[in-house]
Amino acid sequence: MSSPRDVRAFVALELAPEVRRAIGELIASLRPRVPGARWVRPDGVHLTLRFLGDTPPARIDQLRLALAGAASACEPFEAHLSALGTFPGPGKPPRVLWLGIQVPPPGLALQAACERAAVAAGFPPEGRPFRGHLTLARFRERVLRPALPPADLGAVRLEILTLLRSDLRPGGAVYTPIDRFPLGGAE
Ligand code: ATP
Ligand code: MG
């Protein structure tokens, strides 16, 4: 059951401003090559670890504690950003265009800890396996799968776990941090 006090929430890792800038440049280079795409704002790009959806305020408080613990137990780590792809895979009309992120074991352990925190707070388990990706665009209309060039933005450092709210607006979702948890417990 949802109530008007619920917030649409999700857990993500932040990307540094220079990484978001590089993603903005990648998006600019892709624009003319990918017709029918609705591009995201580079400022809002993040690595979602657990989508929560409608969340009552009491569950937010419970999540805060568990996420703070999960973040302090994980040292900052590096992940490689490369490869473009679409969901769903080949053979189906694409809905999402993504940039891949190769998440190393500490990041996968953090993702698993976020999943456990969500389930402990009463959310149903996520049935699908985690596939690290950054959403660059969505397709509203049915389009053919675009031909995608190679992409490699190199390694990026991830050091802040964030609990965010998402407000769905006609111009695209607006994300607002509810709380931020530095990895390794450092500020
Ligand atoms: P819009 O839905 O308007 O296109 P959005 O997808 O960015 O915008 P949300 O739907 O609120 O906004 O999603 C917030 C984040 O969670 C995004 O990173 C999105 O890709 C991810 N997300 C949303 N739904 C799911 C889901 N069912 N499973 C996994 N991740 C999801
Ligand atoms: Mg969405």
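Worth knowing before you read on, the calculation uses all heavy atoms, side chains too, and leaves out hydrogens, waters and symmetry mates. Remember, it's 1-based here, ligands and their atoms both numbered in the order they're listed.
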**OP:** Please list, chain by chain and in numerical order, all residues satisfying ring-ring contact (aromatic ring centres under 6.0 Å, His included) with Phe87, sequence neighbours excluded.
**Re:** Trp98, His133
Original post:
Who passes ring-ring contact (aromatic ring centres under 6.0 Å, His included) against Phe181, sequence neighbours left out?
Top reply: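 ring-ring contact (aromatic ring centres under 6.0 Å, His included) check on Phe181 returns nothing, list empty.
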Original post:
Applying a strict 4.0 Å limit to heavy atoms, is His46 in contact with ligand 1?
Top reply: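 Under 4.0 Å: yes for His46.
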Original post:
Closest approach of Ala120 and Gln62, non-hydrogen atoms and distance?
Top reply: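 Heavy-atom minimum between the residues: O-NE2, 3.1 Å.
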Original post:
Nearest protein heavy atom to atom 23 (C) of ligand 1, by residue and atom, and its distance?
Top reply: Phe51 CD1, 3.3 Å
Original post:
For atom 7 (O) of ligand 1, what is the nearest protein heavy atom, given as residue, atom name and distance?
Top reply: Tyr175 OH, 2.2 Å
**OP:** Can you measure from CZ (Phe139) to CZ (Arg95) and round to the nearest 0.5 angstrom?
**Re:** 11.5 Å
Original post:
With respect to Glu14, which candidate in His46, Arg20, Arg180 satisfies the side-chain hydrogen bond (donor to acceptor under 3.5 Å, both in side chains) definition?
Top reply: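 When His46, Arg20, Arg180 are each tested with Glu14, the side-chain hydrogen bond (donor to acceptor under 3.5 Å, both in side chains) holds only for Arg180.
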Which ligand 1 atoms, with their elements, are less than 4.0 angstrom from a heavy-atom of [X]?
X      : result
Ser166 : 9 (P), 11 (O), 12 (O)
Leu168 : 2 (O), 3 (O), 11 (O)
Ala173 : 5 (P), 7 (O), 8 (O), 12 (O)
Thr48  : 15 (C), 16 (O), 17 (C), 18 (O), 21 (C)

**OP:** Please determine if Arg8 has a nitrogen or oxygen closer than 3.5 Å to a nitrogen or oxygen of ligand 1.
**Re:**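 Yes, at least one N or O pair falls under 3.5 Å.
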Original post:
Considering Arg50, Arg138, Glu126, which one's heavy-atom position lies nearest to atom 20 (O) of ligand 1?
Top reply: Arg138
Subject >> Closest candidate by heavy atom, reference atom 29 (C) of ligand 1, pool Arg169, Arg128, Arg38 >> reply: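 The residue whose heavy atom sits nearest atom 29 (C) of ligand 1 is Arg128.
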Subject >> SB check Arg59 Asp61 (cutoff 4.0 Å) >> reply: no
Original post:
So does Glu78 pair up with Arg157, basic N to acidic O under 4.0 Å?
Top reply: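 Not counted as a salt bridge, because no side-chain N and carboxylate O are separated by less than 4.0 Å.
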